[in-house]
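So the structure is just underneath, and the comments pick up after that.
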Amino acid sequence: MSHTPPAHLAADFAAQGVSDVECVFPDVSGHPRGKLMPADAFARGAELRIAQAIPMQCVTGDYSYDPIFPDQDPDVLLVPDYATVRAVPWASVPRALAIHDCHELTGELCQFAPRTILRDVMARYERHGLRPVVAPEIEFYLTAPCDDPSQPLRAPPMRGGRVEAGQSAFSLDTLNEHAAFWDEFRAALQALGIRADTWIHEVGLTQFEINLLHDDPLVVADQAFLFKVAAKEIALKHGMNAVFMAKPIAHQPGSSMHLHQSLVDADGRNVFSNADGGESALFRQYIAGLQANLPSLMLLFAPFVNSYRRFVKGSQAPVNFHWGYDNRTAGLRIPRSGAAARRVENRVAGADANPYLVIAATLAAGLDGIERALPPTDAMNDSAYESAHTLPRTLPAALQAFTGDDVARRLFGERFVRAYAAVKDVEHESWLAEIGAWERRFLVAQA
Ligand SMILES: NC(=O)CC[C@H](N)C(=O)O
């Protein structure tokens with residue numbers, strides 16, 4: 001992490017005609033926040049408040065979460081990570097963006113910022129001489145413009161006035177329907193240095209999935225963060241919305257952010273495999289760590305009230321924390337692979353989750369299993385849908401699990417846990433303040 005601008009940066013900006021830089025950081029929801037700064041001044045850093053909830057309320061006032069926000073309106077200093085400077089592909093004038101780390105005004109990294117949380121987990125691995133390698137699969141829907149939020153989302157129109165219908169999983173035809181969007185999106189990803197692998201039409205109507213190539217966790221988290229920003233920006237240019245809600249449309253599949261993980265040693269050898277190619281003890285301990293800790297960390301994988309609608313039996317979304325070989329009904333799947341690519345897939349996280357926190361929480365949970373040499377359950381060879389639904393069913397249940405035991409505190413510290421829970425509490429209160437369609441449909445007549 002270098003705080004000194006590269007020598008060529010000013011000349012590069014001048015040559016490209018860049019006059020402004022988006023100083024962006026991912027907030028706890030993975031939403032891009034920051035300030036637009038003049039290119040010749042952005043290195044001095046921007047100051048702003050960090051504790052934002054999604055309905056654009058600051059976490060202040062009625063919530064007394066001292067000593068996290070002692071002045072109820074704290075500023076942090078944004079410090080650019082110069083390795084992340086890129087041209088903004090969707091801007092109408094030459095403009096750059098840089099992902100920033102959040103520092104307290106006293107200098108240290110802010111313990112509430114998702115990038116800090118991930119950096120801390122990676123430092124823990126480094127002390128063990130290990131390096132995690134991760135790859136996410138990101139699902140999302142393309143929809144028509146959402147001009148009336150009280151109405152269900154609709155599929156975008158196709159050529160000839162048709163609308164997508166029926167079963168289009170893996171249909172290349174339907175993928176080609178929105179070719180102008182895909183071409184511009186693909187070019188944007190390339191310009192942002194995002195290494196996308198396969199692109200498919202998923203099971204849902206106008207639902208798609210794109211896999212990112214495996215890499216260093218912070219690099220991949222930055223890519224997944226910008227992937228979502230880019231998809232939304234480019235879709236808007238084409239009169240559509242790219243929607244990353246976990247369950248945007250009733251009776252359609254939800255959208256996930258599956259995370260593949262493996263660990264390598266200093267020589268780049270996958271430590272989930274022994275020299276003879278078999279599973280290592282560490283592999284099983286890592287799985288056990290996920291099984292032991294994920295139930296308490298659900299708030300990070302399913303951060304909104306909507307997230308919990310996704311966990312439906314039979315939908316390929318998990319309902320419990322079983323693990324199994326190539327078992328897509330289980331929360332933890334071991335994909336078929338050779339010894340060098342042996343890995344675990346966390347299928348719990350939704351597309352709505354913050355990729356930094358999904359990666360940090362998964363890796364921290366697994367390392368804890370290794371450090372405590374935990375044993376996993378037996379592998380699940382049958383459908384995990386035959387077993388009980390043990391994932392928390394609601395946001396309040398997940399909030400209770402997150403704050404109710406010492407797992408999250410032990411892995412991420414008191415400050416993060418209290419602040420994150422405060423933000424989720426504000427969002428939940430805001431949701432409770434609205435009356436939904438189900439309540440009107442049934443309770444007007446029947447209550
Ligand atoms: N690609 C898949 O396996 C489908 C995942 C499913 N859409 C989910 O929400 O979990």
Side-chain angles (χ1 to χ4, degrees), residues 30 134-143 153 155 164 166-172 174-175 196-214 224 227-228 231 242-261 290 294-295 297-337 343-355 358-359 361-362 380 383-385 387 389-395 398:
V134 299
E137 302 174 354
I138 310 176
E139 292 181 305
F140 64 98
Y141 277 81
L142 286 176
T143 74
L153 290 168
E164 190 180 323
Q167 180 61 264
S168 297
F170 302 109
S171 161
L172 285 170
T174 327
L175 192 63
D197 189 17
T198 41
W199 309 58
I200 61 158
H201 192 299
E202 254 293 343
V203 175
L205 288 176
T206 66
Q207 187 189 30
F208 302 91
E209 176 181 306
I210 295 171
N211 301 344
L212 303 191
L213 287 176
H214 60 272
F227 177 97
K228 289 168 77 169
V243 177
F244 292 88
M245 286 167 67
K247 189 80 170 180
I249 303 173
H251 314 300
Q252 289 287 329
S255 292
S256 60
M257 182 164 34
H258 296 164
L259 185 72
H260 294 250
Q261 319 119 59
L290 297 184
L294 260 44
L297 303 176
M298 272 302 284
L299 206 52
L300 303 174
F301 303 117
F304 301 113
V305 283
N306 177 264
S307 312
Y308 295 84
R309 299 185 193 277
R310 182 180 140 244
F311 303 114
V312 174
K313 286 187 177 181
S315 70
Q316 293 195 357
V319 297
N320 48 45
F321 300 99
H322 284 296
W323 70 282
Y325 298 98
D326 207 14
N327 188 341
R328 285 191 163 79
T329 65
L332 306 170
R333 169 177 170 251
I334 312 304
R336 280 186 213 288
S337 73
R343 61 193 188 277
V344 183
E345 179 190 9
N346 172 0
R347 297 176 61 83
V348 176
D352 56 346
N354 178 331
V358 167
I359 296 173
T362 307
M380 169 65 72
S383 169
Y385 294 139
S387 302
H389 187 142
T390 54
L391 258 65
R393 301 298 297 253
T394 63
L395 185 76

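Counting convention: from 1, in listed order, for ligands and their atoms alike. In this chain, residues are counted from 1 in sequence order.
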Backbone N or O of Gln207 within a donor-acceptor pair of the Glu202 side chain at under 3.5 Å?
-> no
Where ligand 1 meets Glu209 - atom numbers and elements under 4.0 angstrom, heavy-atom basis = 1 (N)
Just distances here: any N/O of Ser315 and N/O of ligand 1 closer than 3.5 Å?
-> no
Ligand-residue contact atoms, ligand 1 with Ser256, heavy atoms, under 4.0 Å | 5 (C), 8 (C), 9 (O), 10 (O)
Shortest protein contact, atom 6 (C) of ligand 1 (heavy atom only) = Glu139 OE1, 3.5 Å
In the protein, which heavy atom is nearest to atom 1 (N) of ligand 1, and how far is it?
-> Glu202 OE2, 2.9 Å
Are the ring centres of Phe321 and Trp323 closer than 6.0 Å?
-> no
Does one side chain, of Glu137 or His260, offer a donor that lies under 3.5 Å from an acceptor on the other?
-> yes
When you look for heavy atoms under 4.0 Å from ligand 1, do you find them on the side chain of Glu137, its backbone, both, or neither?
-> neither
Minimal non-hydrogen separation, Ile138 against Phe227, with atom names | CD1-CD2, 3.8 Å
Can you find an N or O of Gln316 that's nearer than 3.5 Å to an N or O of ligand 1?
-> yes
Let me have the donor-acceptor pairs involving side chains of residues 243-254, under 3.5 Å, with sequence neighbours excluded, atom names and distances please.
| from | atom 1 | to | atom 2 | distance (Å) |
| --- | --- | --- | --- | --- |
| Lys247 | NZ | Gln252 | O | 2.6 |
| Gln252 | OE1 | Leu205 | N | 3.0 |

State the CD1-CG distance between Ile334 and Asp326, to the nearest 0.5 angstrom.
-> 10.0 Å
Going by the atom numbers of ligand 1, which of them fall below 4.0 Å from some non-hydrogen atom of His258?
-> 2 (C), 3 (O), 5 (C), 10 (O)
Out of Lys247, Arg310, Gln252, the nearest non-hydrogen contact to atom 9 (O) of ligand 1 is supplied by Arg310
Evaluate whether atom CZ of Arg347 has more than 12 neighbouring non-hydrogen atoms of other residues, nucleotides or ligands under 6.0 angstrom away.
-> yes
Is the closest N or O pair between Pro253 and ligand 1 shorter than 3.5 Å?
-> no
